[in-house]
Asker: 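Here's a structure for you.
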There are 2 protein chains.
Amino acid sequence: MSGANMRSRGRPRLFDEDAVLDELTALFWRKGYSQTSMADLVDASGVHKSSLYSTFGTKEELFAKILQRYLAARMGMFSKLVEQAGPGIDGIHAFLEMLRGDLVSGTGQWGCLLVNSSSELSGTAPGFEDFGVAFRKELRERLRALIRQAEPEGTASTRVTDQRTDLFMTFMLGLNLTVRGGADENEIGRVIDAMQATVDTWR
Amino acid sequence: MSGANMRSRGRPRLFDEDAVLDELTALFWRKGYSQTSMADLVDASGVHKSSLYSTFGTKEELFAKILQRYLAARMGMFSKLVEQAGPGIDGIHAFLEMLRGDLVSGTGQWGCLLVNSSSELSGTAPGFEDFGVAFRKELRERLRALIRQAEPEGTASTRVTDQRTDLFMTFMLGLNLTVRGGADENEIGRVIDAMQATVDTWR
DNA sequence: CATATTAACTACCGCTCGGTAGTAAAATGT
DNA sequence: ACATTTTACTACCGAGCGGTAGTTAATATG
């Protein structure tokens with residue numbers, strides 16, 4: 001029986017692995033992969049370099065783990081947002097408003113780690129491109145569900161749903177870029193308003 | 001009189017400055033700023049390192065010059081595209097089709113150098129953020145002209161024009177990201193079709 | 001207490017990075 | 001011819017990079 005409370009054999013960790021991964025994620029998120037050095041990660045986490053290597057492997061391996069962890073968390077967040085948004089066109093409106101709230105504060109202004117990384121490393125990718133593809137695919141599924149449930153039964157064709165999903169998705173990517181590019185709250189607000197107006201024509 | 005044909009005093013350059021800048025631009029465009037080393041630039045251009053430094057200054061200064069040059073070229077291109085697109089909703093459709101042609105071939109799949117750089121360096125920017133802001137502002141002006149001339153006189157309010165412009169602009173940013181993220185021709189086509197359908201509702 | 005195991009911590013390695021000094025070569029000016 | 005100016009080219013520098021070996025400390029097991 002290897003229960004949850006079974007302590008391992010040697011010296012116990014002095015740091016919480018999850019908490020450290022959160023800090024490292026934040027650093028990569030804000031500065032990008034290339035501009036974040038191992039020394040930066042050591043400083044930010046307080047964990048010695050060798051411990052980072054023995055725990056998470058090389059910088060590439062660490063980053064892969066972080067991306068995968070981030071992907072799961074991000075998708076969980078979007079699923080919850082879609083759920084909270086509720087059905088109907090009003091649901092999409094609510095979804096966009098929740099997005100607005102996220103983008104103007106905290107980590108929101110750094111864009112999406114997966115999108116950023118996919119863009120940063122696509123020209124020289126060791127193998128991170130798959131994460132970006134997976135992200136777009138999963139996000140698209142959730143957005144499609146949000147949009148699908150906003151259409152009165154029988155009225156919408158699959159084609160229309162798909163087109164709206166593609167537009168909405170591309171809009172979200174562009175919004176991420178706008179935010180990361182340093183847009184202020186007004187500009188973000190304007191852009192979201194523009195999408196709200198478009199969504200209104202879907203009634 | 002310092003005419004165009006007045007040769008300078010010392011040893012003449014063995015390389016064409018503009019041609020070299022084009023090559024360096026392509027490299028930064030594809031690989032990004034951080035992932036492009038001076039050695040890479042030397043290899044790609046065939047110009048010795050010292051000559052690059054004496055001609056263009058440090059890596060940061062060189063990159064600033066490249067961004068500025070790229071900005072001018074890019075804006076010229078967009079101005080021409082808008083002009084070629086012509087008036088009316090059909091003009092916007094034509095514009096999108098020209099975009100489609102550009103994105104599936106050559107440098108198009110690397111996205112936009114300014115957008116990429118703005119995203120890559122925003123978390124650690126030495127001072128490149130201004131280029132991204134200038135780019136978004138200038139691009140927005142041109143897109144607004146395209147959209148403005150597609151509206152029948154007297155029918156459209158300033159507010160509607162601005163909203164459509166913001167949506168279109170954000171769409172283009174997202175499209176860039178989609179392309180750079182490694183989307184294939186089908187996915188790009190779908191996304192553009194989605195925007196075409198939205199533009200159709202503007203009639 | 002002895003041993004095995006795991007982690008913390010220090011010190012270091014080879015390499016690549018951006019950047020520069022110093023010299024040889026090719027042009028113009030007098 | 002000679003000096004001046006500008007560039008081409010070689011060789012090199014210190015710093016920071018990602019990554020690792022080796023030692024000390026803390027826990028579990030026998």
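In what follows, chains are A, B, ... by sequence order, proteins preceding strands, each numbered from 1.
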Asker: Check for me whether Lys59(B) meets the cation-pi criterion with Tyr33(B), that is, NZ or CZ under 6.0 Å from the six-membered ring centre and within 45 degrees of the ring axis.
Answerer: yes

Asker: How is Thr58(A) classified with respect to the nucleic acid when contacts are heavy atoms under 4.0 Å: base, sugar-phosphate, or nothing?
Answerer: sugar-phosphate

Asker: Is any N or O donor-acceptor pair between the side chain of Lys59(B) and the base of dG19(C) shorter than 3.5 Å?
Answerer: no

Asker: What about Ser50(A), does its side chain sit under 3.5 Å from the base of dA7(C) through a donor-acceptor pair?
Answerer: no

Asker: Where each residue is assigned the nucleotide of DNA chain C containing its nearest heavy atom, which of Ala39(B) and Pro12(B) is assigned the position nearer the 5′ end?
Answerer: Ala39(B)

Asker: Phosphate oxygens OP1/OP2 of dA27(C): is one of them under 4.0 Å from a side-chain N or O of Arg9(B)?
Answerer: no

Asker: Both Gly10(B) and Phe15(B) contact DNA chain D. Taking the nearest nucleotide for each, which residue is further toward the 5' end?
Answerer: Gly10(B)

Asker: Parallel, tilted or perpendicular: which describes the rings of Trp202(B) and Phe168(B), with under 30° parallel and over 60° perpendicular?
Answerer: tilted

Asker: What's the CE-C1' distance between Met38(A) and dT10(C), to the nearest Å?
Answerer: 16 Å

Asker: Checking all strands, does Ser34(B) fall into the base, sugar-phosphate, or nothing category for heavy-atom contacts under 4.0 angstrom?
Answerer: nothing

Asker: Examine dA7(C): is either OP1 or OP2 under 4.0 Å from a nitrogen or oxygen in the side chain of His48(A)? Give yes or no.
Answerer: no

Asker: Do the charged groups of Asp162(A) and Arg190(B) touch, with an N to O distance under 4.0 Å?
Answerer: no

Asker: Does the dT6(D) base have a donor-acceptor partner in the side chain of Ser54(B) within less than 3.5 Å?
Answerer: no

Asker: Over all strands shown, is Ser37(B) touching base, sugar-phosphate only, or nothing at heavy-atom distances under 4.0 angstrom?
Answerer: sugar-phosphate

Asker: With a 4.0 Å limit, can you tell me whether Ser51(B) has a side-chain N or O closer than that to the phosphate oxygens OP1/OP2 of dA8(D)?
Answerer: yes

Asker: Is it true that Glu187(B) and Arg136(A) make a salt bridge, defined as a side-chain N closer than 4.0 Å to a carboxylate O?
Answerer: yes

